[in-house]
Amino acid sequence: MTTVVIASDHAGLPLKREVQVELAKRGIDVLDLGVQDETSVDYPDQAHTLAEAINAGWAEIGVLVCGTGIGVSIAANRHPGIRAAVCHDVYTATMARAHNNANILAMGARVVDPATAIACLDVFLKTEFEGGRHTQRIAKLDR
Ligand code: RB5
């Protein structure tokens with residue numbers, strides 16, 4: 001069974017909860033790395049923990065949520081092998097997988113409404129990397 005690892009800061013918590021419920025409805029195992037309450041935290045802490053979990057092989061795909069999706073993606077992308085993409089709609093979420101082979105979907109709880117976020121999640125999970133010419137481009141990311 002697929003496992004998806006999720007994490008957020010305080011701003012992303014409401015959307016993280018919605019993502020968690022939807023993943024469970026789809027029969028997907030969820031590993032929730034926090035946060036669990038709205039106490040203010042520093043988003044890099046959750047992003048680094050999640051990136052480390054992916055690089056440790058706990059899951060192949062992660063979802064990170066903060067206010068904008070930007071801070072968590074910047075932090076996660078500092079880890080070699082991590083490709084975190086901030087997505088705002090179905091098109092960006094699809095292309096993040098198809099062309100960028102993104103392994104983390106980053107979203108902003110203050111930017112996307114829950115229905116859009118879940119639509120992004122669904123396409124992110126089902127879209128395969130196209131490979132081909134994109135493979136050499138992915139390889140250059142960690143150059
Ligand atoms: C928290 O207020 C906010 O700055 C954070 O969630 C995120 O949007 C940073 O990129």
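The analysis underlying the following values was restricted to heavy atoms, covering all of them including side chains, and did not include hydrogens, waters or symmetry mates. What you see is a predicted model, and the numbers here were worked out from it, not measured in a lab. Read the numbers this way: they start at 1 and go in the same order the structure lists the ligands and their atoms.
- Ligand 1 lies under 4.0 Å from heavy atoms of D9, H10, A11, Y43, C66, G67, T68, G71, R110.
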Would you mind writing out the side-chain donor-acceptor pairs for residues 55-70 within the sub-3.5 Å range, not counting sequence neighbours?
{"unit_1": "N55", "atom_1": "ND2", "unit_2": "P80", "atom_2": "O", "d": "3.1"}
{"unit_1": "T68", "atom_1": "OG1", "unit_2": "I70", "atom_2": "N", "d": "3.0"}

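- Distance check: Q46 CD to L13 CG gives 10.0 Å after rounding to the nearest 0.5 Å.
- Shortest non-hydrogen contact noted between V86 and S73 is CG2-OG, 3.2 Å.
- Its side chain within the 4.5 Å cluster rule, F129 clusters with I138, L141 among the Ile, Leu, Val, Met, Phe, Trp and Tyr residues.
- For R26, the CZ atom counts as densely surrounded, since its 6.0 Å shell holds more than 12 non-hydrogen atoms of other residues, nucleotides or ligands.
- Within the structure, side-chain hydrogen bond (donor to acceptor under 3.5 Å, both in side chains) pairs that include any residue of residues 107-120 comprise D113-T116 (at least two apart or interchain).
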